Number of protein chains: 2
Amino acid sequence: MKAASSLHEKIRETIEGKILSGAWVPGYRIPFERDLMSQYGCARMTVNRALGSLVDAGLIVRRRRVGSFVAQPHIRSVILDIPDIKADVVARGGSYGLRLLSRKVRKANRADEKALAGQGPVMVLRCLHLANGRPFALEDRIINLKAVPAAAAADFSVEPPGTWLLVHVPWTEAEHRITAVNADAATSEILDVPAGEACLLLERRTWRGKANITSVRQTFVGATYDLIARFTSKSMAPQKHSAV
Amino acid sequence: MKAASSLHEKIRETIEGKILSGAWVPGYRIPFERDLMSQYGCARMTVNRALGSLVDAGLIVRRRRVGSFVAQPHIRSVILDIPDIKADVVARGGSYGLRLLSRKVRKANRADEKALAGQGPVMVLRCLHLANGRPFALEDRIINLKAVPAAAAADFSVEPPGTWLLVHVPWTEAEHRITAVNADAATSEILDVPAGEACLLLERRTWRGKANITSVRQTFVGATYDLIARFTSKSMAPQKHSAV
DNA sequence: TTTTGCAATATGTCTAGACATTAAAGAGCG
DNA sequence: CGCTCTTTAATGTCTAGACATATTGCAAAA
């Protein structure tokens with residue numbers, strides 16, 4: 001555990017420890033600010049800051065005139081990174097390659113609007129990700145050029161569009177859909193696997209505010225790709241997805 | 001957007017708006033605390049609190065003696081609910097059914113220890129989840145009876161083990177692995193699909209503290225199951241990633 | 001008995017300072 | 001020119017108050 005360099009962090013971590021260890025169960029009344037002040041010999045603002053950050057973390061709830069209480073655990077969820085394929089492959093010591101199969105700019109048609117929920121010019125990309133020289137994932141992507149005009153000038157034959165977008169465009173909302181499909185003839189040929197091979201299909205739509213930024217559909221060969229999500233309620237930290 | 005009832009929230013939201021709209025690009029220098037003080041006519045602590053919460057949200061980075069800057073977009077994460085199959089099916093308006101195929105209690109053998117990373121008595125379950133009378137998912141589960149002795153008395157022929165565990169056992173850590181596989185002969189027969197059908201395979205191990213609670217392997221027919229994850233950055237807890 | 005009003009209290013927000021810490025920039029020197 | 005030392009500027013933390021706001025319990029009035 002990292003050293004708490006400041007007092008408000010020490011207070012925060014002490015209380016956090018009580019909650020996560022189960023010593024203070026949900027609903028337990030946390031000592032009043034006044035008591036924590038005298039316990040730590042500090043000003044109220046310092047205690048207040050510690051408790052405030054516990055509220056932000058969802059570990060406690062506070063009510064005026066009433067007090068502070070350990071929050072009911074409500075999150076039954078895990079954290080999953082937005083996968084960046086290039087970073088993934090490289091992180092595992094593989095060599096990454098990219099082949100841009102097609103790139104078009106056009107007005108959004110009916111199908112695009114369904115995927116993007118927007119109108120105006122879009123860029124339609126199809127590219128193949130390679131790991132160690134072998135096909136790894138097939139990606140079909142639509143980028144909303146009205147929301148991301150700079151994408152028109154980007155060179156997606158070198159840097160994968162997902163990587164470019166992650167760096168250049170902050171996003172506020174994303175929706176994922178994960179399912180399994182049998183590779184059809186065209187897909188199996190591109191990915192160089194037998195027809196009917198089980199593939200992991202990941203569809204993602206990303207927004208910034210109300211504006212839809214991009215919609216992507218990635219097909220991974222099931223045998224060579226896992227999505228791994230790990231959740232630790234303590235640190236909220238490590239989440240990994242990895243290729244095998 | 002909710003009304004900012006306090007000044008530090010107003011300041012925070014104003015700056016957040018600049019960043020999310022793209023007006024202030026990553027790397028942009030945010031006005032100094034001193035300037036924001038005079039702009040809003042408030043004390044430094046108030047500005048400091050607003051900026052502090054933006055740091056927690058990962059939107060800005062601050063460096064002593066240097067200043068505050070719009071953060072590079074992070075590789076952020078999405079929240080994936082721990083799926084409860086029964087609740088899922090019911091939520092989609094289907095009728096849920098359960099068939100307990102086998103239930104055994106035994107000492108952990110080599111394979112169990114690999115899955116559970118523990119010793120002692122375990123309960124081994126195999127059950128089939130039905131949606132609208134049709135096979136939906138096949139589940140193989142191992143429960144660590146040393147960690148969850150109450151499971152020995154539970155009736156898993158009515159309530160699915162996953163549902164029972166969610167309600168009765170709080171967990172602190174979970175690891176998921178998601179991949180796609182072609183159904184083998186035995187699986188395809190149980191799920192009543194053609195052999196080779198693409199299936200979504202979800203493996204999950206769950207801990208409470210150091211104790212492994214359960215390990216489960218669920219096979220869904222790809223054509224009838226999606227995993228959906230939605231993420232909104234506003235509600236996100238602090239995530240300390242280095243910038244891309 | 002029921003309702004209304006009031007006081008008590010814990011948190012929410014804010015102020016105007018203080019000193020600590022860090023890192024950039026300049027000063028002095030070999 | 002390259003090195004160390006000092007200055008300085010911006011954030012990090014903290015204090016001892018202040019007033020605001022929400023909620024509870026109690027007391028008084030209907």
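Predicted model, so just to flag it, every value in this text is computed and none were measured. Chain identifiers are assigned alphabetically (A, B, ...) following the order of the sequence lines, protein sequences preceding nucleic acid strands; residue numbering begins at 1 within each chain. FYI, side chains are in, hydrogens and waters are out, and symmetry mates aren't considered; it's all heavy atoms of this structure.
Here C:dT15 presents its C1' atom at 9 Å from CE of A:M45, a figure rounded to the nearest Å. Look at CG on B:L7: it is 11 Å from P on C:dT13, rounded to the nearest Å. A straight line from CG of A:L51 to P of D:dC14 spans 14 Å, rounded to a whole angstrom.
Residue B:R49 places no side-chain N or O under 4.0 Å from the OP1 or OP2 atom of C:dC14. At the phosphate of C:dT11, OP1 or OP2 sits under 4.0 Å from a side-chain N or O atom of A:S68. The phosphate of D:dC14 has neither OP1 nor OP2 within less than 4.0 Å of any side-chain N or O from A:T46. Distances shorter than 4.0 Å separate none of the side-chain N or O atoms of A:R63 from OP1 or OP2 on C:dG12. Contact annotation: A:S6 reaches the phosphate of D:dT13 (side-chain N/O to OP1 or OP2, under 4.0 Å). For the pair B:R62 and D:dG12, the criterion of a side-chain N or O lying under 4.0 Å from OP1 or OP2 is met.
In A:R99, the CZ atom is not crowded: 12 or fewer heavy atoms of neighbouring residues, nucleotides or ligands sit closer than 6.0 Å. Under a cut-off of 6.0 angstrom, the local environment of NZ in A:K10 is crowded, with over 12 non-hydrogen atoms contributed by other residues, nucleotides or ligands.
Two residues, A:R65 and A:N48, neighbour DNA chain C, and the one matched to the more 5' nucleotide by heavy-atom proximity is A:R65. Residue whose closest nucleotide on DNA chain D sits further toward the 5' end, between A:H8 and B:V66: B:V66.
Under 3.5 Å, the side chain of B:R44 and the base of D:dG12 form at least one donor-acceptor pair of N or O atoms. Looking at A:R64, its side chain has no donor and acceptor atom pair within 3.5 Å of the base of D:dT23.
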